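The model shown is predicted, which means the values in this text are computed figures rather than measured ones.
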Amino acid sequence: MAKQFQSVQGFNDILYPEVGKFQHIESVSRQYFGLFNFKEVKTPVLEQAGLFVRSIGNGTDIVEKEMYIFEDKGGEILSLRPEGTAPAVRAYLEHNIDRQDAIQKWFYIGPMFRHERPQKGRFRQFHQAGVEVFGIDDPFADIEVILLADKIVSSLAVKGVTVRLNSIGCPACRPVYLRELKSYLNGITDRLCEDCKRRIDTNPMRVLDCKKEGCMAATAGAPKTTDYLCSVCSAHFSTLRSGLDALRQGYTIDTRLVRGLDYYSRTVFEFTAEDAGAQNAVLAGGRYDYLVELLGGAHTPAIGFAMGIERIAALIDMPAVHGPDIFFIPITEEARVRAIGLADRLRRADKTCEIGYGEKTIKSMMRRADRLNAAMVIIIGKDELRDGSITLKRLSDGLQEKVDDATLLEAVRRMSQ
RNA sequence: GUGGGUGUAGCUCAAUGGUAGAGCAUUGGACUGUGGCUCCAAGGGCUGAGGGUUCGAACCCCUUCACCCACCCCA
């Protein structure tokens, strides 16, 4: 093949009809975001790189090797956003939102960028729909956010989803836990894989997340975050659980569940799907009570989640696609003029119209109408031009009649029944 | 960043060193102004790209690019 331009690795075109899944996911998400009274925020895809370094954490892979980072012409170090929470917090602070009303419920939908090796469920440009709740410490905010996530995922009929839940404590109790965990892990290093030995120092909680059987067996008796929660975190977690129980929201406690980003505290949750390949987290979130102040604001508790749109799309059926209401078959230039005029009238009546062009035969245009799954065709041929009529035909059963311009819309509506 | 797999028609795939094929799709015809079903026919390829071995390469070797899957990590 001749040399051609091609899309950048990990950056995909989303074409029809596949794009229908994305539209469906987005519209269902917007519907529930609206019902829960969340307001949309659109933030830029570019931010100062330091925003992510500060919020996501210096030791994380996202910051160390996955950011699209570059120096712009003015010498600023910028980055394509790898996630949506940090920009939302930045916007929250930049516009002094907390001084008007600290309680905010925001949602966003848009592309994110991470320079990783693509694989199933992972792309360098991918899309997330997410929410952020600012200013509410109450565990019922956690409950509502989890309920909202579940509403969206269930409504999209994603198969085989499990809601996993855990609490990873706060700056008061987590250090104690981490100390215990590290000492436990240091006692069983001979049973851990090479990666996990390294993780003991870099990110000890991730050892619990290792999929290797040997490591899972070795860490079966490891200290659990939930056993080390301080009284405040413990009360928060137990109110959260009893609230979910009372509302019959299903979930499973997974004490191995940790989050990769540094800013999470207390509640963490993840929706995982079978059949999603190795990257099976379709939605994940948690509390980040210390991020706002970490970025220079007043102490502001917050919780949110992000849903991977591509990952959801891989797990849902293609929504039904429907063709145009009317396909016009005009066989001469004069007929095409009439067709465009009539199409304009029908479109005003909310009918989707497509017009066949070119010196084609009626047969070829009929075939095209059928292929596009049109509901009806309008034939304007020599006969129709001569007597000023239109031939309207319904494709499902072949019912056909001749009408005039004045009664066309009425006939179309009748045939739509 | 590491490892494995795959690149042949628009799509899904055959052809294991000797003339590049099929199904589906597309276009046209059978049916001169009427779709779907059936039948017939046609168009469509530098076999991802570049180099090498050979009388001869889709096939063997080297390089490179892309895609897929997995690791790392994450939505």
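- Distance from the side chain of A:Asp195 is smallest to B:rC71 among B:rA75, B:rC71, B:rG28.
- Distance check on atom P: B:rG35 versus B:rU26 gives 15 Å, rounded to whole Å.
- For A:Tyr228, the ring-ring contact (aromatic ring centres under 6.0 Å, His included) partners two or more places apart in sequence, or in a different chain, are A:Tyr177.
- Nucleic acid contact class of A:Gly10 (heavy atoms, under 4.0 Å, all strands): sugar-phosphate only.
- Applying the 6.0 Å contact sphere to CD of A:Glu401 captures more than 12 heavy atoms from other residues, nucleotides or ligands.
- In this structure, A:Gln9 and A:Arg122 both approach RNA chain B, and ranking their closest nucleotides by distance from the 5' end singles out A:Gln9.
- Distance check on atom P: B:rC61 versus B:rU16 gives 16 Å, rounded to whole Å.
- Contacts of A:Glu66 with the nucleic acid, taken as non-hydrogen atoms under 4.0 Å apart, involve only primed sugar atoms and P, OP1 or OP2.
- In this structure, A:Arg256 does not pair ionically with A:Asp254, as no charged nitrogen and carboxylate oxygen lie closer than 4.0 Å.
- Taking only distance into account, the side chain of A:Arg117 never meets the base of B:rC69 through a donor-acceptor pair shorter than 3.5 Å.
- Paired regions of RNA chain B, where each region holds three or more successive Watson-Crick or G-U pairs whose two hydrogen-bonding distances fall under 3.5 Å, are B:1-7 with B:65-71, B:10-13 with B:21-24, B:26-30 with B:38-42, B:48-52 with B:60-64.
- Residue A:Gly285 is out of contact with every strand shown, counting any heavy-atom pair closer than 4.0 Å.
- Comment: A:Arg386 engages A:Asp383 in a salt bridge, judged by a side-chain N to carboxylate O separation of less than 4.0 angstrom.
- In this structure, CG in A:Asp350 is found 8.0 Å from CG in A:Asp325, a value given to the nearest 0.5 Å.
- Distances from the side chain of A:Gln119 to the nucleotides B:rC72, B:rA75, B:rG28 place B:rC72 closest.
- Distance check on atom P: B:rU19 versus B:rC11 gives 26 Å, rounded to whole Å.
- Heavy atoms of A:Ala284 sit under 4.0 angstrom from primed sugar atoms or phosphate atoms, though from no base atom.
- Between the P atom of B:rC67 and the CG atom of A:Asp13 lies a distance of 12 Å, rounded to the nearest Å.
- When each of A:Leu395, A:Val377, A:Ile379 is checked for a side chain to side chain contact (heavy atoms under 4.5 Å, CB included) with A:Phe327, only A:Val377 meets the rule.
- Using a cutoff of 4.0 Å between basic side-chain nitrogens and carboxylate oxygens, A:Glu116 and A:Arg122 are scored as salt-bridged.
- Among the heavy atoms of the strands lying under 4.0 Å from A:Phe123 is at least one base atom, whether or not backbone atoms are also near.
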Can you tabulate the close N/O pairs, meaning under 3.5 Å, that link protein atoms to atoms of nucleotides 33-36 of chain B?
residue: B:rG33; atom: O6; partner: A:Lys382; partner atom: N; Å: 2.9
residue: B:rG33; atom: O6; partner: A:Asp383; partner atom: N; Å: 2.2
residue: B:rG33; atom: O6; partner: A:Asp383; partner atom: OD1; Å: 3.1
residue: B:rG33; atom: O6; partner: A:Asp383; partner atom: OD2; Å: 3.3
residue: B:rG33; atom: O6; partner: A:Glu384; partner atom: OE1; Å: 3.2
residue: B:rG33; atom: N1; partner: A:Glu384; partner atom: OE1; Å: 2.7
residue: B:rG33; atom: N1; partner: A:Glu384; partner atom: OE2; Å: 3.2
residue: B:rG33; atom: N2; partner: A:Glu384; partner atom: OE2; Å: 2.7
residue: B:rU34; atom: O2; partner: A:Lys393; partner atom: NZ; Å: 3.0
residue: B:rU34; atom: N3; partner: A:Gln400; partner atom: OE1; Å: 3.2
residue: B:rU34; atom: N3; partner: A:Gln400; partner atom: NE2; Å: 3.3
residue: B:rU34; atom: O4; partner: A:Gln400; partner atom: NE2; Å: 2.8
residue: B:rG35; atom: OP1; partner: A:Lys363; partner atom: NZ; Å: 2.7
residue: B:rG35; atom: O2'; partner: A:Asp370; partner atom: OD2; Å: 3.3
residue: B:rG35; atom: N1; partner: A:Leu395; partner atom: O; Å: 2.3
residue: B:rG35; atom: N2; partner: A:Asp370; partner atom: OD1; Å: 3.1
residue: B:rG35; atom: N2; partner: A:Leu395; partner atom: O; Å: 2.8
residue: B:rG35; atom: N3; partner: A:Asp370; partner atom: OD1; Å: 3.3
residue: B:rG36; atom: O4'; partner: A:Asp370; partner atom: OD2; Å: 3.2

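- A gap of 13 Å separates the C1' atoms of B:rU27 and B:rG10, to the nearest Å.
- With C1' as the reference atom, B:rA41 and B:rG52 are 43 Å apart, rounded to whole Å.
- Going from the P atom of B:rA57 to that of B:rC69 covers 35 Å, rounded to whole Å.
- Remark: the separation of the P atoms in B:rG36 and B:rC31 is 14 Å, to the nearest Å.
- Of the residues near RNA chain B, A:Lys120 and A:Asp209, the one whose nearest nucleotide (by heavy atom distance) lies more toward the 5' end is A:Lys120.
- A salt bridge between A:Arg30 and A:Glu26 is present, with a side-chain N of the basic residue lying under 4.0 Å from a carboxylate O of the acidic one.
- Taking atom C1' on both B:rG44 and B:rU8, the two are 14 Å apart, rounded to the nearest angstrom.
- In this structure, the CZ atom of A:Phe305 is 17 Å from the C1' atom of B:rC74, given to the nearest Å.
- For A:Arg338 and A:Asp405, the salt-bridge test passes: some basic side-chain N is under 4.0 Å from an acidic carboxylate O.
- Between A:Arg394 and A:Asp397, at least one side-chain nitrogen of the basic residue sits less than 4.0 Å from a carboxylate oxygen of the acidic one, meeting the salt-bridge criterion.
- Going from atom CD of A:Glu116 over to atom P of B:rG1 covers 13 Å, rounded to whole Å.
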